[in-house]
Amino acid sequence: QVQLVESGGGLVQAGGSLRLSCAASGRTFSSYHMGWFRQAPGKEREFVATINWSGGSTYYADSVKGRYTISRDNAKNAVYLQMNPLKPEDTAVYYCAAVAGVSTSNWVRLRAVQSAYDYWGQGTQVTVSS
């Protein structure tokens, strides 16, 4: 089992940047595929980005492609989300999620599906002002 704790959220002006971090507990972090999701006020939670266990493969939602970068450091049990430039529509609670026991081929098929992820953090608020 793994516990996830997000940090790095805050208030930023449009065009600015933030770097979210997700710290994971457990000795098997390197075996988990990791993802970021977000939920804006009044909307359903949506997929943002994901990275496979090794960091060698990433995938992004169209809405953030070219602006966000997901990365991980398995030695530090951490995954990151660099966001730049931010837009007001990026305002949301951002969640870190993990999935284990899934082959890379299945991860490719399910990587943007919320129900595929086994573990979730509590979320961190990102607010982008116009």
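Numbers here are sequence positions counted from 1.
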For this session: Write down the atom of C96, the atom of M34, and the distance for their closest heavy-atom approach.
Result: SG-CE, 3.5 Å

Exercise. Got a donor-acceptor contact below 3.5 angstrom from the Y60 side chain to the I70 backbone?
Worked result: yes

Exercise. Given the rule that I, L, V, M, F, W and Y join up when any side-chain heavy atoms are under 4.5 Å apart, are V93 and V64 in one cluster?
Worked result: no

For this session: Spell out, as yes or no, whether a donor-acceptor pair under 3.5 Å connects the side chain of S21 to the backbone of G8.
Result: no

For this session: Could you check whether the rings of W120 and F37 sit parallel, tilted or perpendicular, using 30° and 60° as the cut-offs?
Result: tilted

Exercise. Would you say K65 has more than 12 foreign heavy atoms packed within less than 6.0 Å of its NZ?
Worked result: yes

Exercise. Does M83 reach the side chain of D90, with side-chain heavy atoms less than 4.5 Å apart?
Worked result: no

Problem set entry | Q122 atom CD, neighbour heavy-atom count above 12 within 6.0 Å | no

For this session: Let me see the working for V126 and R38 under side-chain contact (heavy atoms from CB on, under 4.5 Å), right down to the final yes or no.
Result: CA-CA 9 Å; V126 172; R38 67 185 182 185; over 6 Å; no

Exercise. Do the side chains of Y94 and V12 join up, straight or via other hydrophobic residues, at under 4.5 Å, putting them in one cluster?
Worked result: yes

For this session: May I ask you to check whether over 12 heavy atoms, not counting those of Q13, lie within 6.0 Å of atom CD?
Result: no

Exercise. Which pair of non-hydrogen atoms, one from T91 and one from A40, has the smallest distance, and what is that distance?
Worked result: O-CB, 3.6 Å

Exercise. Looking at A14 and S130, what are the two nearest heavy atoms and their distance?
Worked result: CB-CA, 4.4 Å

Exercise. Same cluster for Y117 and V79 if Ile/Leu/Val/Met/Phe/Trp/Tyr side chains link at under 4.5 Å?
Worked result: no

Exercise. What is the distance from atom CG of N52 to atom OG of S103, rounded to the nearest 0.5 Å?
Worked result: 11.5 Å

Exercise. Going by distance alone, is a donor N or O of one side chain under 3.5 Å from an acceptor N or O of the other, for W107 and T50?
Worked result: yes

Seminar exercise, completed: In this structure, SG of C22 is separated from CG of N77 (nearest 0.5 Å) by 10.0 Å

Seminar exercise, completed: Note: L4 and A98 closest approach over all heavy atoms is CD1-N, 3.8 Å

Exercise. Quick check: does any side chain N or O of D118 sit under 3.5 Å from a backbone N or O of A100, one acting as donor and the other as acceptor?
Worked result: yes

For this session: Verify, without hydrogens or angle tests, whether R19 (side chain) and Q82 (backbone) share a donor-acceptor contact under 3.5 angstrom.
Result: no

Exercise. Distance-only, no hydrogens or angles: does the N74 side chain make a donor-acceptor pair with backbone N or O of W53 under 3.5 Å?
Worked result: yes

For this session: Specify the closest pair of heavy atoms between H33 and T104, including all atoms of both residues, with the distance to one decimal.
Result: CE1-OG1, 4.2 Å

Exercise. Is the charged tip of R72 near the ring of F29: under 6.0 Å from the six-membered ring centre and within 45° of its axis?
Worked result: yes

For this session: Could you tell me whether the side chain of T124 and the main chain of G9 form a donor-acceptor pair under 3.5 Å?
Result: yes

Exercise. Has Q39 got more than 12 heavy atoms of other residues, nucleotides or ligands less than 6.0 Å from its CD?
Worked result: yes

Problem set entry | For S57 against R111, the heavy-atom pair lying closest together | OG-NH1, 4.5 Å

Exercise. Same cluster or not: are L18 and Y68 linked, directly or through other Ile, Leu, Val, Met, Phe, Trp or Tyr residues, by side-chain heavy atoms under 4.5 angstrom apart?
Worked result: yes

Exercise. Going only through I, L, V, M, F, W and Y residues with side-chain contacts under 4.5 Å, is there a path from Y119 to L20?
Worked result: yes

